[in-house]
Amino acid sequence: MSKTLLLMGPTIMIFIGLTLIGNVPLTFALFYGWLLLIPVYSSWKKQNHSQWKFSITSRSLMLGMGSGTLVLVIIFAAVSYFFSFLIDLELIRLLLKKWNFDGKMIWVLIAVLLVLNPYLEENYWRNFIFEELKMSTSAGNAIIISSFFYSLYHLLSLIELFYWPFNVLAVIPIFLAGIIWGIFRHKSGSLAAPILSHVLADTGIILIYLVYIHTW
């Protein structure tokens with residue numbers, strides 16, 4: 001499978017499920033199906049059954065907890081401060097309802113975002129894609145390229161959820177987070193710190209939803 005398709009595949013899945021069809025559960029199935037199955041298929045095709053490293057050390061815990069907590073606080077504080085200027089609350093609620101992000105399904109989707117999403121995204125971008133790119137370029141370039149395509153598909157939802165230019169500018173911290181998590185993975189040789197940091201970052205996003213958007 002070509003590297004271009006590997007890099008663009010997750011964005012294509014989001015585009016089909018969210019932009020074309022407008023259904024969050026379907027988008028999750030397409031997107032996470034790709035993140036899970038493509039690395040497995042590639043490993044089987046290359047007859048490479050080695051497991052990716054997940055060594056938990058005190059250093060990886062400190063990196064993951066420290067960076068993740070910082071990102072969580074920044075996300076919640078920034079969105080809370082700019083909320084009334086940048087976000088049309090009713091528009092977001094209508095859009096989420098249109099995407100079937102409502103009812104009892106909400107809690108399933110939140111669980112997916114907090115448990116499955118960090119694991120699969122980090123394994124795909126900071127392990128699988130990183131190693132694929134390293135075959136033809138440096139580790140630094142591999143981190144930058146993988147972070148760019150990681151942040152690309154986030155733009156599809158941000159464009160519809162938030163006002164210009166915040167919807168585009170919001171991709172920048174996502175790209176920077178990808179860079180940081182890529183460095184953690186490269187330096188430690190483990191996904192422990194990136195996954196833990198990612199879990200806390202996603203927790204910040206979920207808190208924004210529960211505090212400001214969800215109707216109880």
Side-chain angles (χ1 to χ4, degrees), residues 3 6-11 13-14 28 31-40 42-43 48 50-78 109-155 157-158 170-208:
K3 285 187 175 61
L6 291 175
L7 292 169
M8 287 298 299
T11 300
M13 295 300 104
I14 296 287
F28 277 24
F31 176 66
Y32 293 119
W34 180 279
L35 297 188
L36 174 63
L37 296 177
I38 294 302
V40 170
S42 178
S43 177
N48 177 15
S50 61
Q51 297 294 317
W52 53 270
K53 297 179 180 179
F54 189 75
S55 56
I56 300 178
T57 64
S58 58
R59 183 169 180 267
S60 66
L61 287 175
M62 288 179 61
L63 281 174
M65 288 292 294
S67 61
T69 301
L70 178 62
V71 172
L72 187 158
V73 171
I74 290 174
I75 289 173
F76 193 83
L109 299 179
I110 287 176
V112 169
L113 287 172
L114 291 181
V115 179
L116 194 63
N117 181 70
Y119 174 94
L120 291 181
E121 282 197 317
E122 291 309 307
N123 185 47
Y124 188 84
W125 292 108
R126 256 59 75 177
N127 184 66
F128 174 64
I129 291 296
F130 175 70
E131 293 296 338
E132 288 286 327
L133 291 173
K134 268 206 322 178
M135 295 178 186
S136 56
T137 188
S138 66
N141 286 338
I143 290 173
I144 293 171
I145 294 169
S146 60
S147 298
F148 173 80
F149 284 94
Y150 162 70
S151 60
L152 182 61
Y153 57 79
H154 289 83
L155 185 60
S157 58
L158 291 172
V171 177
I172 296 175
I174 295 172
F175 172 73
L176 295 177
I179 295 288
I180 293 170
W181 294 334
I183 293 173
F184 287 172
R185 160 63 174 82
H186 176 55
K187 294 296 185 181
S188 68
S190 170
L191 288 173
I195 289 176
L196 181 55
S197 183
H198 199 148
V199 168
L200 290 169
D202 284 354
T203 300
I205 296 171
I206 296 303
L207 286 175
I208 289 295

K.L.:
Mind checking what makes side chain to side chain donor-acceptor pair (under 3.5 Å) contact with Y153, not counting sequence neighbours?
P.N.:
E121, W125

K.L.:
Quick one: does T69's side chain have a donor or acceptor within less than 3.5 Å of a partner on G66's backbone?
P.N.:
no

K.L.:
Does M65 have any side-chain contact (heavy atoms from CB on, under 4.5 Å) partners at least two apart in sequence or in another chain, and if so, which?
P.N.:
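For M65, the residues satisfying side-chain contact (heavy atoms from CB on, under 4.5 Å) (neighbours in sequence not counted) are L196, L200.
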
K.L.:
For G178, is there any backbone N or O sitting under 3.5 Å from a side-chain donor or acceptor partner on S147?
P.N.:
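Pair found, side chain donor or acceptor close to backbone of G178.
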
K.L.:
Tell me whether S157 contacts the main-chain N or O of H154 through its side chain, where contact means a donor paired with an acceptor under 3.5 Å.
P.N.:
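Looks like yes, one N/O pair under 3.5 Å.
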
K.L.:
Where do F184 and L191 land on the side chain to side chain contact (heavy atoms under 4.5 Å, CB included) test, with the steps shown first?
P.N.:
CA-CA 8 Å; F184 287 172; L191 288 173; over 6 Å; no

K.L.:
Within this structure, what is the CZ-NZ distance for the pair R59 and K187, rounded to the nearest 0.5 Å?
P.N.:
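Nearest 0.5 Å value for the CZ-NZ distance: 9.0 Å.
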
K.L.:
As an exercise, state the distance from CD1 of I195 to OG of S190, rounded to the nearest 0.5 Å.
P.N.:
7.5 Å

K.L.:
What distance do I143 atom CD1 and W181 atom CH2 have between them, rounded to the nearest 0.5 Å?
P.N.:
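If we round to the nearest 0.5 Å, I143:CD1 and W181:CH2 are 14.0 Å apart.
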
K.L.:
For the CG atom of L155 and the CD1 atom of I14, what is their distance to the nearest 0.5 Å?
P.N.:
12.0 Å

K.L.:
With distance as the sole test, does R126 use its side chain to make a donor-acceptor pair with the main-chain N or O of R185 at under 3.5 Å?
P.N.:
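It does not hold such a pair.
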
K.L.:
On a heavy-atom basis, which atom in G204 and which in F76 lie closest, and how many Å separate them?
P.N.:
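Heavy-atom minimum between the residues: O-CD1, 4.4 Å.
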
K.L.:
Tell me whether the rings of Y150 and H198 are parallel (<30°), tilted (30 to 60°) or perpendicular (>60°).
P.N.:
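Y150 vs H198 ring planes: perpendicular.
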
K.L.:
Do L207 and L72 have side chains that get closer than 4.5 Å, going by heavy atoms?
P.N.:
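Yes, their side chains come closer than 4.5 Å.
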
K.L.:
Taking only residues two or more places apart in sequence, or in another chain, which ones meet T137 in a side chain to side chain donor-acceptor pair (under 3.5 Å)?
P.N.:
N141

K.L.:
Between L35 and F31, is any pair of side-chain heavy atoms under 4.5 Å apart?
P.N.:
yes

K.L.:
In Å and rounded to the nearest 0.5 Å, what is the CG to CD1 distance from L70 to I75?
P.N.:
10.0 Å

K.L.:
Show the numbers, then the answer: is there a side chain to side chain contact (heavy atoms under 4.5 Å, CB included) between I205 and L113?
P.N.:
CA-CA 10 Å; I205 296 171; L113 287 172; over 6 Å; no

K.L.:
Under the side chain to side chain donor-acceptor pair (under 3.5 Å) test, which residues partner S146, sequence neighbours left out?
P.N.:
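None.
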
K.L.:
Answer whether the closest heavy-atom distance between the side chains of Y119 and V199 falls below 4.5 Å.
P.N.:
no

K.L.:
Any heavy-atom pair between the side chains of M8 and L152 that's under 4.5 Å?
P.N.:
yes

K.L.:
By ring pair (Phe, Tyr, Trp, His ring centres under 6.0 Å), which residues pair with F130, not counting sequence neighbours?
P.N.:
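F130 satisfies ring pair (Phe, Tyr, Trp, His ring centres under 6.0 Å) with H186 once adjacent residues are dropped.
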
K.L.:
Report yes if the side chains of F128 and N123 come closer than 4.5 Å at any heavy-atom pair, otherwise no.
P.N.:
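With C-beta onward as the side chain, the pair stays apart.
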
K.L.:
For the residue pair G64 and S67, what are the closest heavy atoms and their distance?
P.N.:
O-OG, 3.5 Å

K.L.:
Is there a side-chain contact between L158 and I174 in this structure, where contact means two heavy atoms from C-beta onward sitting under 4.5 Å apart?
P.N.:
yes

K.L.:
State, without any angle test, whether S60 and S188 hold a side-chain donor-acceptor pair at a distance under 3.5 Å.
P.N.:
no

K.L.:
List for me each residue that meets ring pair (Phe, Tyr, Trp, His ring centres under 6.0 Å) alongside Y32, sequence neighbours excluded, and say none if there are none.
P.N.:
F28

K.L.:
Once you round to the nearest 0.5 Å, how far does CD1 of I110 lie from CG of D202?
P.N.:
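It comes to 11.5 Å.
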
